Amino acid sequence: RKVEVTTVNLNGAKFMDRREMVALVKREAETGDMRPKMICLPEAWAGFEPETLANGSTDDLQKIAKEHNVFIVNPIYLREEGVVYNSAVVISPEGIAGVYKKKYLFREETHDITGLKAGTESLVVDLGFGRIGVAICFDINFSELWADMEDKGAEAVIWVSEYSGGKKIPAHATTFNFFVISATRAGHSQFIDISGRKIKSQSTTGSLLILRQVIDLDRTLFHFDFNLDIKNDLMKTHSGSISCQEYPHEKWFALEAIGRHTTISSVIQSHKLVPLRSYLQDERKQNEQMNERP
């Protein structure tokens, strides 16, 4: 389940003209033949002036998504029934797939934006190629939001922000074992895989910094417990179609398909492997049940 992801970084500029950004997204949508493709824009790229879903950049970007069969994450200040939310609109070729409203507002935001309120829920949307979560800027400091996205089955999280986030991004990827991809107005955007490893990406530098990377959502982490013997046998019979990377300090290993006709999800079923996330969720339930016993 490979997907090409493009992130747009304003490279220190505060905002970007709406027409220029729409034109840039259109060029990116027209570049290359790989599908699915997702284009991620940074937090509040158009400024602090609220817009609606029907009359603003989202309407323009929906047309591009439909015409070119791409997915777009569009962060805007959204006005909805007299209330303003710092939001990220997830756009699919079929229309709006979901809207995340920033749950943890930075204190200064409430001073600068009249009528601004916080959202109440995390967002994870199924886009067909994978389950994608979204977080915005100050959300990075609150692990419970990221844990909630893990509980909802997120395989990748798009984090849009004004700043780069630093060590918190690989920390969340390592803790919750999903890809984290950042699109920021300043600093460095990042692609982090499920083990917390930074992925190299192609970039175009000018007035903007555009990063492109193909990620494989089929890549899966496992704990050594109950899986190690199965993995050793598996690598003897599937060495040409599966790659394995071990993390001995964590007692993890990651499997990734390298053959066209193999998927890790099918290998999990056929060989009764237990993914790390499932293992830890089961252990948590076991401990909760033990604590409930009289």
Side-chain angles (χ1 to χ4, degrees), residues 1-6 32-38 71 124-133 146-147 149-158 169-181 190-202 211-287 289:
R1 290 184 293 125
K2 293 183 178 180
V3 56
E4 180 181 289
V5 182
T6 298
D33 297 324
M34 182 170 181
R35 294 295 183 272
K37 173 186 282 192
M38 174 175 278
F71 299 83
V124 175
V125 290
D126 190 337
L127 297 180
F129 62 83
R131 296 184 61 80
I132 307 300
W146 298 74
M149 289 189 283
E150 178 200 30
D151 288 341
K152 290 180 177 180
E155 297 172 288
V157 171
I158 310 299
I169 296 177
H172 285 317
T174 304
T175 300
F176 300 110
N177 307 135
F178 39 48
F179 289 86
V180 181
I181 298 137
Q190 299 184 65
F191 288 79
I192 309 295
D193 92 338
I194 56 176
S195 68
R197 173 178 60 95
K198 187 173 183 178
I199 307 171
K200 294 181 180 179
S201 55
Q202 296 179 328
L211 302 180
R212 304 177 186 88
Q213 180 66 46
V214 175
I215 63 172
D216 187 356
L217 296 178
D218 198 43
R219 177 176 163 86
T220 307
L221 277 173
F222 304 87
H223 200 281
F224 283 3
D225 291 351
F226 312 118
N227 287 313
L228 197 55
D229 290 341
I230 300 174
K231 185 269 295 182
N232 291 336
D233 291 340
L234 181 66
M235 295 311 298
K236 292 177 183 177
T237 57
H238 291 71
S239 59
S241 57
I242 294 174
S243 68
C244 177
Q245 185 173 9
E246 292 195 1
Y247 304 90
H249 296 296
E250 294 82 5
K251 292 193 173 182
W252 297 346
F253 64 90
L255 296 181
E256 185 169 351
I258 54 177
R260 288 187 176 183
H261 304 295
T262 302
T263 65
I264 300 306
S265 55
S266 64
V267 169
I268 289 170
Q269 293 181 346
S270 62
H271 289 74
K272 295 182 170 55
L273 285 160
V274 181
L276 176 62
R277 182 179 290 183
S278 299
Y279 173 49
L280 296 180
Q281 288 173 344
D282 289 343
E283 289 300 304
R284 185 183 297 119
K285 289 178 183 178
Q286 290 283 344
N287 278 271
Q289 291 171 359

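Just so it is clear, the structure is predicted and the values come from calculations on it, not from any experiment.
- Although no hydrogens or angles enter the test, the distance criterion places a donor-acceptor pair under 3.5 Å between the side chain of Arg131 and the main chain of Lys152.
- For the atom pair CG (Leu127) and CE (Met38), the distance works out to 5.0 Å, reported to the nearest 0.5 Å.
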Determine, stepwise, if the pair Ile199 / Phe179 fulfils side chain to side chain contact (heavy atoms under 4.5 Å, CB included). CA-CA 10 Å; Ile199 307 171; Phe179 289 86; 4.0 Å; yes
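- Enclosure of atom NZ in Lys2 is not indicated, since only 12 or fewer non-hydrogen atoms of other residues, nucleotides or ligands lie within 6.0 angstrom.
- Taking all atoms of both residues into account, the shortest heavy-atom contact from Glu155 to Phe178 is O-CB, 3.3 Å.
- Taking both residues in full, the closest heavy atoms of Leu211 and Phe191 are given as CB-CE1, 3.7 Å, listed atom of the first, atom of the second, then distance.
- A distance of 3.0 Å separates OG in Ser195 from OH in Tyr247, rounded to the nearest 0.5 Å.
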Would Val180 and Trp146 satisfy side chain to side chain contact (heavy atoms under 4.5 Å, CB included), going step by step from the backbone distance to the final call? CA-CA 11 Å; Val180 181; Trp146 298 74; 4.2 Å; yes
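- In this structure, Leu273 and Ile230 approach most closely via the heavy-atom pair CD2-CG2, 3.6 Å.
- For the atom pair CG of Leu280 and NE2 of His223, the computed distance is 7.0 Å after rounding to the nearest 0.5 Å.
- Considering only heavy atoms from C-beta on, Lys231 stays 4.5 Å or farther from Phe224 through its side chain.
- Thr174 and Gly196 make their closest contact through OG1-CA, 3.2 Å (heavy atoms, listed as atom of the first residue, atom of the second, distance).
- Between Val3 and Phe129 there is a side-chain heavy-atom pair separated by less than 4.5 Å.
- Expressed to the nearest 0.5 Å, how far CD1 of Ile242 lies from CD1 of Ile264 amounts to 4.5 Å.
- Using cut-offs of 30° and 60° on the angle between ring planes, the pair His271 and His238 is perpendicular.
- For the atom pair CZ of Arg284 and CG of Asp282, the computed distance is 10.0 Å after rounding to the nearest 0.5 Å.
- In terms of heavy atoms, Asp218 sits closest to Arg1 at CB-N, 3.9 Å.
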Derivation and outcome, side chain to side chain contact (heavy atoms under 4.5 Å, CB included), residues Lys37 and Arg212: CA-CA 10 Å; Lys37 173 186 282 192; Arg212 304 177 186 88; over 6 Å; no
For Tyr279 and Asn227, what are the C-alpha separation, side-chain angles and deciding distance, and is it a side chain to side chain contact (heavy atoms under 4.5 Å, CB included)? CA-CA 10 Å; Tyr279 173 49; Asn227 287 313; 5.9 Å; no
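- Using a 4.5 Å heavy-atom threshold, the side chains of Val157 and His172 count as separate.
- Scanning both residues, Gly133 and Met149, for their nearest heavy atoms gives CA-SD, 4.0 Å.
- Note that the OG1 atom of Thr220 and the CD atom of Glu256 stand 9.0 Å from one another [nearest 0.5 Å].
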